[in-house]
Amino acid sequence: MSSFAARRRSLSATLGASAAVLVALTAACSSSPGSSSSSGGSGKTVVGFVMVGSNKDYGYNEAVYTGSQQVAKDLSDTKVITADNVPETNAVTQAMQSMVDKGAKVIFATSYGYFSYAEKFAKSHPKVTVLHQGGFEKGVFPANFGTYWGEAYEPVSLGGMAAGALTKSNKLGYVYAFPIPQTLANIDGFELGAQSVNPKAQTYLVNTSNWCDPLKQKNAAAALLSQGVDVLTQHQDCQTTVIQAAKAAGKYVVGYHYDAKSLDGSGWLTGSAWNWAPVYENIIKTATTGKFTGSPYNANWVGTFAHKDNPLQLASFGSAVPTDLQTKIKAEQSALEKPDASVFKGPVYCQDGSVLFKAGEVPTYDQINNIGCLVKGVVGTLPKA
């Protein structure tokens, strides 16, 4: 197991167990607006969504919540209940149990650090279908458990194109939480996208070691701006602080997780935004018709551009992005839909000049998910385990 995989296993322990006391789980679980009353006698399938942050974060958790509410509208035989601000500790187990007590038969544990809790919960609750969002694990899963995600680095690379094309300083800033595989792939994909239109573009990193800490994000953005960065992006759950920092400095921003152009239409370039409802609905239908075990969702399901099912999509463009650049970015998205295409198609080099992917090589998702280096053009180092 790589050091990054090992770090993943210990992620929950390092996040701080004391955060659990801040969450009132009984208050956090609530029925979605417009949903029918409890499962007892309603005949509806109860589906639960557990979120690590606020469902109004203009980011990761709001995208989950938006998807859950669309499920409630689209599937008339489904009742949705949600819990937000549940930390990556045993609190998630308590939240899932609370949902089961309310009749939940399908549960989506939607934060990266929930994996071990969700898998263990599935083993102890064989009549409940449990899904984890963002994992990619080897081995055989329980018959009622699976993970799902999207090939995130592809749309992230499109945002990198916008940043690389419009930067004047050739310095792009990236605020990220943890050096987990999906984050490394996104950082590298962003830089490769920027390089494709501007070989001089470099991506500078600052780590926060937190999914959503506005103060740390503010300080990280300030540190990047002080180095001459004129485009900010991030891999954080919440986006507001980074967008506000860019706006205050008169700089550009590329979003992630959620289309937050409304926060700064002139500084917002584009980004990537999750459209989770179609995935959630397909999973729920698969589970409720008794077809989950052995299905693609009873494993590591990943949506891709090539299969036209990537839940992470290109966000809207801001007013600063000229029409010709929009056309170029959309053309690249179409190119990435071809089976042999990838933003990581070799040659790709690590920071130290070593070959990551040789010329002509098209790496698999599994390979990209196990990248252990930052690509050439990224400025910064990874935190030591």
Looking only at the side chains, is there a donor atom on one of Ser354 and Asp352 sitting less than 3.5 Å from an acceptor on the other?
yes

* Under 3.5 Å, side chain of Thr167 to main-chain N/O of Ala163, donor-acceptor pair present? -> no

Are any side-chain N or O atoms of Thr233 and backbone N or O atoms of Val254, one a donor and one an acceptor, separated by less than 3.5 Å? yes

message: Checking side-chain polar atoms at under 3.5 Å, does Tyr60 have a donor or acceptor matched by the opposite partner on Glu62?
response: no

Next on the checklist: Keeping Thr129 on the side-chain end and Val106 on the backbone end, is there a donor-acceptor pair under 3.5 Å?
Outcome noted: no

Between Asp84 and Lys56, is there a side-chain N and carboxylate O pair less than 4.0 Å apart? no

Same cluster or not: Leu325 versus Phe190, using hydrophobic residues (I, L, V, M, F, W, Y) connected whenever any side-chain heavy atoms lie under 4.5 Å apart? yes

Do Gln217 and Gln234 get their side chains close enough for a donor-acceptor pair, meaning under 3.5 Å?
no

Original post:
Is the side chain of Asn198 donor-acceptor paired with the backbone N or O of Ala194 at a distance under 3.5 Å, no angle test?
Top reply: no

Donor-acceptor pair, distance only, cut-off 3.5 Å: does the side chain of Glu191 make one with the backbone of Thr203?
yes

- Does Trp268 use its side chain to pair, donor to acceptor, with the backbone of Ile243 at less than 3.5 Å? no

Sorted by chain and residue number, the side chain to side chain contact (heavy atoms under 4.5 Å, CB included) partners of Lys105 (sequence neighbours excluded) come out as Thr45

Check your understanding: Are the side chain of Gln351 and the backbone of Gly380 linked by a donor-acceptor contact shorter than 3.5 Å?
Key -> yes

Applying ring pair (Phe, Tyr, Trp, His ring centres under 6.0 Å) to Phe49 and not counting sequence neighbours gives Phe108, Tyr280

Would you check if the side chain of Thr293 reaches a backbone N or O of Ala143 as a donor-acceptor pair within less than 3.5 Å? yes

Could you tell me how the ring of His125 sits relative to the ring of Phe121: parallel (under 30°), tilted (30 to 60°) or perpendicular (over 60°)?
parallel

Checking side-chain polar atoms at under 3.5 Å, does Asp101 have a donor or acceptor matched by the opposite partner on Gln97?
yes

Open item on the list: When you compare the side chains of Thr147 and Asn300, does any donor N or O come within less than 3.5 Å of an acceptor on the partner?
Closed with: yes

Q | Test ring pair (Phe, Tyr, Trp, His ring centres under 6.0 Å) applied to Trp211 and Phe178, step by step | A | CA-CA 8 Å; Trp211 289 123; Phe178 300 100; 5.0 Å; yes

Is there a donor-acceptor pair closer than 3.5 Å between any side-chain N or O of Thr364 and the backbone N or O of Gln367?
yes

For Tyr258, the ring pair (Phe, Tyr, Trp, His ring centres under 6.0 Å) test, sequence neighbours excluded, returns none

Polar side chain donor-acceptor pair, Asp57 to Ser54, under 3.5 angstrom = no

Query - Side-chain donor-acceptor contact under 3.5 Å, Gln133 with Tyr148 - result: yes

Verdict with reasoning, Trp149 to Tyr112, per ring pair (Phe, Tyr, Trp, His ring centres under 6.0 Å) = CA-CA 10 Å; Trp149 193 241; Tyr112 187 86; 8.2 Å; no

- [ ] Using atom types as modelled and distance alone, determine if a side-chain donor or acceptor of Asn275 lies under 3.5 Å from a backbone N or O of Pro311.
- [x] no

